[in-house]
Peer 1: 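Below you will find the structure I want to go over with you.
FYI, the numbering just counts along the sequence from 1. Hydrogens, waters and symmetry mates play no part in the numbers below; they use all other heavy atoms, side chains included.
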Amino acid sequence: MPRPEDALARGVPRDAGAVPGAAPRPAETWLRIVQVHDRISHRVDSALHTQHDLSLTGFEVLRRLTESPGERTSMGQLAEAVGLSRAGVTSTVNRLVAQGLVLRERGGEDRRLLHARLTPAGRQRVVQAAGTHDDLVAHLLALLGDDASLVTDALARVSAATRTRR
């Protein structure tokens, strides 16, 4: 004798992967991650340029410097912290130096090492820009609603698994 729930399940696939959209293909997930990153980055970069004469990359460099001991770090550590190549971080730091927001210094013990150090003007600019950055990012990510923790945890696992080991 058939059970009543069997009648309700008739025609419903038992495998969620058989339901369109229930289990997205990896290519679709990747596309969404890239789209969201690109679109949020573009919006935040535009707001930072307009309101603070600062690129998103420049902001990230300044923010990392504020978090570094003595508001100073090596160019290599800075590149790794913001996810740029050494050439990319050098270019960004060059622009920040030209704006008077960062100074370049030689390392203490190893004079070959080049460090970036935040200036008082850089500290002031990053404090001002942080409100714009953080408010806009929070507003956009609020669209995740109740899924924010789930998405954050999932992306943290992927990030940890793909982190470069030295």
Peer 1: With ring-ring contact (aromatic ring centres under 6.0 Å, His included) as the rule and sequence neighbours excluded, what pairs involving residues 64-94 come up?
Peer 2: none
Peer 1: So, taking the atom named CG in Leu114 and the one named CE in Met75, what distance separates them when rounded to the nearest 0.5 Å?
Peer 2: 5.5 Å
Peer 1: To the closest 0.5 Å, what do you measure between CD (Glu105) and OG (Ser74)?
Peer 2: 12.5 Å
Peer 1: Starting from Val34, walk the hydrophobic network (Ile, Leu, Val, Met, Phe, Trp, Tyr; side-chain heavy atoms closer than 4.5 Å) and list everyone else you reach, by chain and number.
Peer 2: Trp30
Peer 1: Identify the heavy atoms of Gly100 and Ala121 that sit nearest to each other, and give their distance.
Peer 2: O-CB, 3.7 Å
Peer 1: Give the intermediate values and the outcome of side chain to side chain contact (heavy atoms under 4.5 Å, CB included) for residues Thr119 and Val102.
Peer 2: CA-CA 5 Å; Thr119 67; Val102 171; 5.5 Å; no
Peer 1: Return the set of residues passing salt bridge (Lys or Arg N to Asp or Glu O under 4.0 Å) with Arg123 (not counting sequence neighbours), or none when no residue passes.
Peer 2: Glu71
Peer 1: How would you list, by chain and number, every residue that makes a ring-ring contact (aromatic ring centres under 6.0 Å, His included) with His52, sequence neighbours excluded?
Peer 2: none
Peer 1: What closest approach, in Å, do Ser68 and Thr73 show between heavy atoms, and which atom pair accounts for it?
Peer 2: OG-CB, 3.7 Å
Peer 1: Counting only N and O atoms by type, is there a donor-acceptor contact under 3.5 Å from the side chain of Ser91 to the main-chain atoms of Gly88?
Peer 2: no
Peer 1: Nearest 0.5 angstrom please: Leu48 CG to Arg125 CZ, how far?
Peer 2: 10.5 Å
Peer 1: Going by side-chain contact (heavy atoms from CB on, under 4.5 Å), name the residues that satisfy it together with Gln124, two or more places apart in sequence or in a different chain.
Peer 2: Gln128
Peer 1: What's the shortest heavy-atom distance between Arg64 and Leu78, and which atoms?
Peer 2: CB-CD1, 3.8 Å
Peer 1: To the closest 0.5 Å, what do you measure between CD (Glu67) and CG (Leu118)?
Peer 2: 11.0 Å
Peer 1: Please report, to 0.1 Å, the donor-acceptor pairs under 3.5 Å made by any side chain of residues 137-155, with sequence neighbours excluded.
Peer 2:
| residue | atom | partner | partner atom | Å |
| --- | --- | --- | --- | --- |
| Thr152 | OG1 | Ala148 | O | 2.8 |

Peer 1: Which heavy-atom pair separates Leu136 from Ala47 by the least distance, and what is that distance?
Peer 2: CD2-CB, 3.9 Å
Peer 1: So that I can tick it off, tell me whether Arg63 and Asp134 are bridged by a salt bridge, with the cut-off set at under 4.0 angstrom between side-chain N and carboxylate O.
Peer 2: yes
Peer 1: With no hydrogens and no angle check, do the side chains of Glu60 and Thr57 hold a donor and an acceptor under 3.5 Å apart?
Peer 2: no
Peer 1: Testing Leu96, Val61, Asp45, Val126 one by one against Leu54 for a side-chain contact (heavy atoms from CB on, under 4.5 Å), which residue passes?
Peer 2: Leu96
Peer 1: So for atom NE2, which belongs to His49, do other residues, nucleotides or ligands contribute more than 12 heavy atoms lying within a distance under 6.0 Å?
Peer 2: yes
Peer 1: Quick one: closest heavy-atom pair of Ala79 and Ser85, and the distance?
Peer 2: CB-O, 3.9 Å
Peer 1: For the atom pair CZ (Arg72) and CG (Leu103), what is the distance rounded to the nearest 0.5 Å?
Peer 2: 10.5 Å
Peer 1: Could you state the interatomic distance from NE2 (His42) to NE2 (His37), rounded to the nearest 0.5 Å?
Peer 2: 13.5 Å
Peer 1: Would you say Val97 ends up clustered with Val89 if hydrophobic residues are merged whenever their side chains have heavy atoms under 4.5 Å apart, either directly or through other cluster members?
Peer 2: yes
Peer 1: Flag the pair Arg117 / Leu65 as yes when at least one side-chain heavy-atom distance between them is below 4.5 Å, and no otherwise.
Peer 2: no
